Amino acid sequence: IPVSTDCLGTPIVYSPVKADLAGNIKKIRAVYDSNPTKFKTLQNILEVEKEIHGSAWPKIGATLALMWLKRGLKFMLVLLQSISDGERDEEHPNLIRVNAMKAYEIALKKYHGWMLQKLFTGSVYALPYKSDLLKALEKGKEVKEEESIEKIHQFLSRVTPILDAIYEMYTKMNAELSYKA
């Protein structure tokens with residue numbers, strides 16, 4: 001299952017999100033590509049940047065890019081977990097607003113100022129139907145919902161521990177920032 005913002009539809013409000021995620025990946029990749037031997041792991045990148053940037057760290061470079069990337073990925077994983085757990089609005093079971101709001105509350109809201117919070121809250125009305133999201137995750141193939149949910153479970157079981165390790169690394173290295181965007 002490709003975890004991509006493409007699955008969330010194409011409203012103008014998600015264009016900046018998609019660009020932000022892609023930009024963060026590009027920044028991290030550029031640091032890695034600059035010296036793959038030196039930057040074998042994400043932790044290596046953070047350690048070297050901490051040494052290089054001193055007091056400006058962790059508010060700079062790939063460290064900052066990875067911080068925002070992990071938050072965006074957490075949003076997507078919580079959204080998928082909520083959908084796969086069967087959480088839904090009983091009156092509108094094919095909408096994913098409940099799932100998106102849960103993911104936002106957990107992963108992003110505390111890092112967003114009032115304006116971004118209002119923008120996100122309004123944007124949930126432009127989200128695709130759950131059935132359309134599942135179809136997009138299946139790259140357009142018609143698959144039973146149960147099969148898609150099982151694939152989501154498998155994906156989450158592989159990816160969640162990796163993301164948890166990145167969060168733990170940020171905590172241990174005191175690299176997490178709590179300012180609002």
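Predicted model only: the values in this text are computed from it and were never measured.
- Interatomic distance, NZ of K118 versus OG of S123, reported as 12.5 Å (0.5 Å rounding).
- The main-chain N or O of Q81 is found under 3.5 Å from a side-chain atom of S84 such that the two form a donor-acceptor pair.
- One distance of note links CD of E49 with CH2 of W57; it measures 9.0 Å at 0.5 Å rounding.
- Minimum interatomic distance between V124 and A100 (heavy atoms only, all atoms of both residues): CG1-CB, 4.2 Å.
- Scanning for side chain to side chain donor-acceptor pair (under 3.5 Å) contacts around E90 gives an empty result, with sequence neighbours left out.
- For K109, the side chain to side chain donor-acceptor pair (under 3.5 Å) test picks out E105, with sequence neighbours left out.
- One finds the CE atom of M173 at 5.5 Å from the NZ atom of K50 (value rounded to the nearest 0.5 Å).
- The side chain to side chain donor-acceptor pair (under 3.5 Å) test applied to R29 returns D33, not counting sequence neighbours.
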Please tabulate, for the side chains in residues 164-172, all donor-acceptor contacts under 3.5 angstrom to protein atoms that are two or more places apart in sequence or on a different chain.
residue : atom : partner : partner atom : Å
E168    : OE2  : K172    : NZ           : 3.0
Y170    : OH   : T63     : O            : 2.4
Y170    : OH   : M67     : N            : 3.2
T171    : OG1  : Y167    : O            : 3.1

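- Between the CG atom in L156 and the CE atom in M76 there is a gap of 12.0 Å [rounded to 0.5 Å].
- With a 4.5 Å cut-off between side-chain heavy atoms of Ile, Leu, Val, Met, Phe, Trp and Tyr, the cluster of W114 takes in M115.
- Every side-chain contact (heavy atoms from CB on, under 4.5 Å) that S131 has, sequence neighbours left out, goes to N94, Y129.
- The shortest distance between side-chain heavy atoms of F120 and L108 does not fall below 4.5 Å.
- Partners of K144 under the side-chain contact (heavy atoms from CB on, under 4.5 Å) rule, at least two apart in sequence or in another chain, are E146, E147.
- Using a 4.5 Å heavy-atom threshold, the side chains of L77 and F155 count as touching.
- The ring-ring contact (aromatic ring centres under 6.0 Å, His included) search around H112 returns Y104, not counting sequence neighbours.
- Side-chain atoms of L134 and I152, non-hydrogen and from C-beta on, do get closer than 4.5 Å to each other.
- N24 places a side-chain N or O within donor-acceptor distance of the main-chain N or O of D20, the cut-off being under 3.5 Å.
- In plain terms, the two heavy atoms of S34 and V31 that are nearest each other are OG-O, 2.6 Å.
- Residues passing the side-chain contact (heavy atoms from CB on, under 4.5 Å) test with E87, sequence neighbours excluded: S82, D85, N99, K102.
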Considering only distance and modelled atom types, tabulate donor-acceptor pairs under 3.5 Å from the side chains of residues 174-181, sequence neighbours left out.
residue : atom : partner : partner atom : Å
E176    : OE1  : K70     : NZ           : 2.5
E176    : OE2  : R71     : NE           : 3.3
E176    : OE2  : R71     : NH2          : 2.4
Y179    : OH   : W68     : NE1          : 3.3
K180    : NZ   : K110    : O            : 3.0

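- K59 is not listed as a side-chain neighbour of H53, based on a closest heavy-atom distance of 4.5 Å or more.
- Going from atom CG of L137 over to atom CD1 of I83 covers 8.0 Å, rounded to the nearest 0.5 Å.
- Remark: K27 pairs with no residue by the salt bridge (charged side-chain N to carboxylate O under 4.0 Å, His left out) rule, at least two apart or across chains.
- Here CD1 of I28 is found 4.5 Å from CG of L66. Values are rounded to the nearest 0.5 Å.
- Residues meeting the salt bridge (charged side-chain N to carboxylate O under 4.0 Å, His left out) test with E145, sequence neighbours left out: K130.
- Closest heavy-atom contact between K74 and A107: CG-CB, 3.6 Å.
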